[in-house]
Amino acid sequence: MKIIACYSNKGGVGKTATSVNLAYALAQGGRRVLLCDLDPQGASGFYFRVKPSKKLTDTRFFEDVERFTKAIRGSDFDNLDILPANMTFRDFDIFLARMRNSRSRLKKALKAVKGDYDVILLDCPPNISTLSENVFRASDAIVVPVIPTTLSQRTFEQLKEFFREHDLPAKKLHGFFSMAQGVKSLHGDTMDEMRREHGKRLMKATIPFASEVERMGVHRAPVLASAPSSGASASYGALHDELVARVFGK
Ligand SMILES: Nc1ncnc2c1ncn2[C@@H]1O[C@H](COP(=O)(O)OP(=O)(O)O)[C@@H](O)[C@H]1O
Ligand SMILES: [Mg+2]
């Protein structure tokens, strides 16, 4: 079983769009997938038409294995279950603050469902530092969408720096360019520069800026399901294949 987190400390970079499409692609590939919506805004649950579970203010949520597993919902698709967002941002912060040794708790909760899934995918909220470190330690791979602009370039460097400072293995990081616009020379230049600088830490697959992805909110389904022959779907397919090769070694 592998844990894959979709993470960036920036909002609006395509974490949820990526989580939703990767979860779908992995499930289509025959892997049993649990997508955990860790963002209290509940966007990935929304895309899969899964209602958020009742707000759980109980701070022992992740300790109580039974409650954790009971909150899991099926989706419209084979092999794909969803753990809807079930805490507000504040509750989550309090939850984390109260937990001593929270690192191993998250890992323990995820291990409880280990036998049931081949992949647990975490759709992360931006910018919760305590949660982030838990996620980095618990995950086998951290998929990082990077919009090819100067600011995102710095964000990716800061993330690598954080890994160095906290003795986390940089090879867990799998960045990729998100919402790339071929016509913008800044995007092209930034991509070239970042590829030189970060080498294998960036995947080859690139997700273009595409209106089909924006329309996911209308269809409430992954692009791979609603527009399977679109360019965006081909890109998510390529991202899936490359990530699978990196994480599962095939
Ligand atoms: N490749 C893309 N092309 C066009 N729009 C995109 C793309 N990826 C995401 N979006 C849109 O950008 C917004 C933010 O994306 P989202 O995945 O929710 O980001 P995050 O989870 O990082 O906050 C959403 O409205 C989404 O539909
Ligand atoms: Mg999101």
Side-chain angles (χ1 to χ4, degrees), residues 4-26 34-50 52 82-89 92 120-129 131-132 135-136 139 141-149 151-156 158-159 173-184 186-188 190-191 202-240 242-243:
I4 300 174
C6 196
Y7 174 86
S8 165
N9 62 0
K10 282 174 77 80
V13 296
K15 290 182 294 296
T16 298
T18 305
S19 301
V20 163
N21 283 288
L22 274 182
Y24 178 84
L26 286 160
L34 174 65
L35 172 61
C36 299
D37 191 350
L38 296 184
D39 190 335
Q41 291 194 351
S44 54
F46 172 83
Y47 285 132
F48 280 115
R49 301 166 188 262
V50 172
I82 316 285
L83 177 70
N86 40 36
M87 278 179 261
T88 66
F89 188 85
F92 209 91
I120 296 180
L121 200 64
L122 308 174
D123 181 16
C124 298
N127 232 343
I128 307 181
S129 54
L131 174 67
S132 305
V135 165
F136 298 156
S139 302
I142 297 124
V143 176
V144 188
V146 179
I147 301 177
T149 60
L151 218 61
S152 303
Q153 193 171 0
R154 284 195 55 218
T155 307
F156 194 69
Q158 283 162 357
L159 184 59
L173 292 172
H174 306 275
F176 71 94
F177 294 118
S178 175
M179 301 191 202
Q181 288 173 278
V183 290
K184 290 195 180 173
L186 174 66
H187 277 205
T190 308
M191 281 160 57
L202 288 170
M203 291 189 276
K204 290 201 184 78
T206 293
I207 306 299
F209 188 92
S211 53
E212 292 89 358
V213 183
E214 284 181 303
R215 280 200 291 271
M216 267 174 48
V218 180
H219 296 294
R220 295 188 68 182
V223 194
L224 282 164
S226 66
S229 51
S230 64
S233 286
S235 306
Y236 281 120
L239 186 72
H240 162 270
E242 194 173 353
L243 187 68

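Order of listing sets the numbers, starting from 1, for every ligand and every atom in it. Position 1 is the first residue of the sequence; numbering continues from there.
Ligand 1 has a nitrogen or oxygen under 3.5 angstrom from a nitrogen or oxygen of Gly12. Between Gly14 and ligand 1, at least one pair of N/O atoms sits closer than 3.5 Å. Considering backbone and side-chain N/O atoms, Thr16 comes within less than 3.5 Å of an N/O atom of ligand 1. Geometrically, ligand 1 and Ser178 share no nitrogen or oxygen pair separated by less than 3.5 Å.
Shortest non-hydrogen contact noted between Leu151 and Lys10 is CD2-NZ, 3.6 Å. Taking all atoms of both residues into account, the shortest heavy-atom contact from Pro228 to Leu224 is CB-O, 3.4 Å.
In terms of protein heavy atoms, atom 24 (C) of ligand 1 is closest to Tyr47 OH, 4.7 Å.
Within the set Ala210, Ala17, Pro208, the minimum heavy-atom distance to atom 1 (N) of ligand 1 is found for Pro208. Across the listed options Thr18, Val213, Val223, Ile147, Val213 owns the non-hydrogen atom lying nearest to atom 8 (N) of ligand 1. Of the candidates Met179, Glu212, Arg215, Gln181, the one placing a heavy atom closest to atom 11 (C) of ligand 1 is Met179.
Interface of Ile207 with ligand 1, defined as ligand atoms under 4.0 Å from a residue heavy atom, comprises 1 (N).
With hydrogens and angles ignored, the 3.5 Å screen pairs no side-chain donor or acceptor of Glu212 with any backbone N or O of Ser233.
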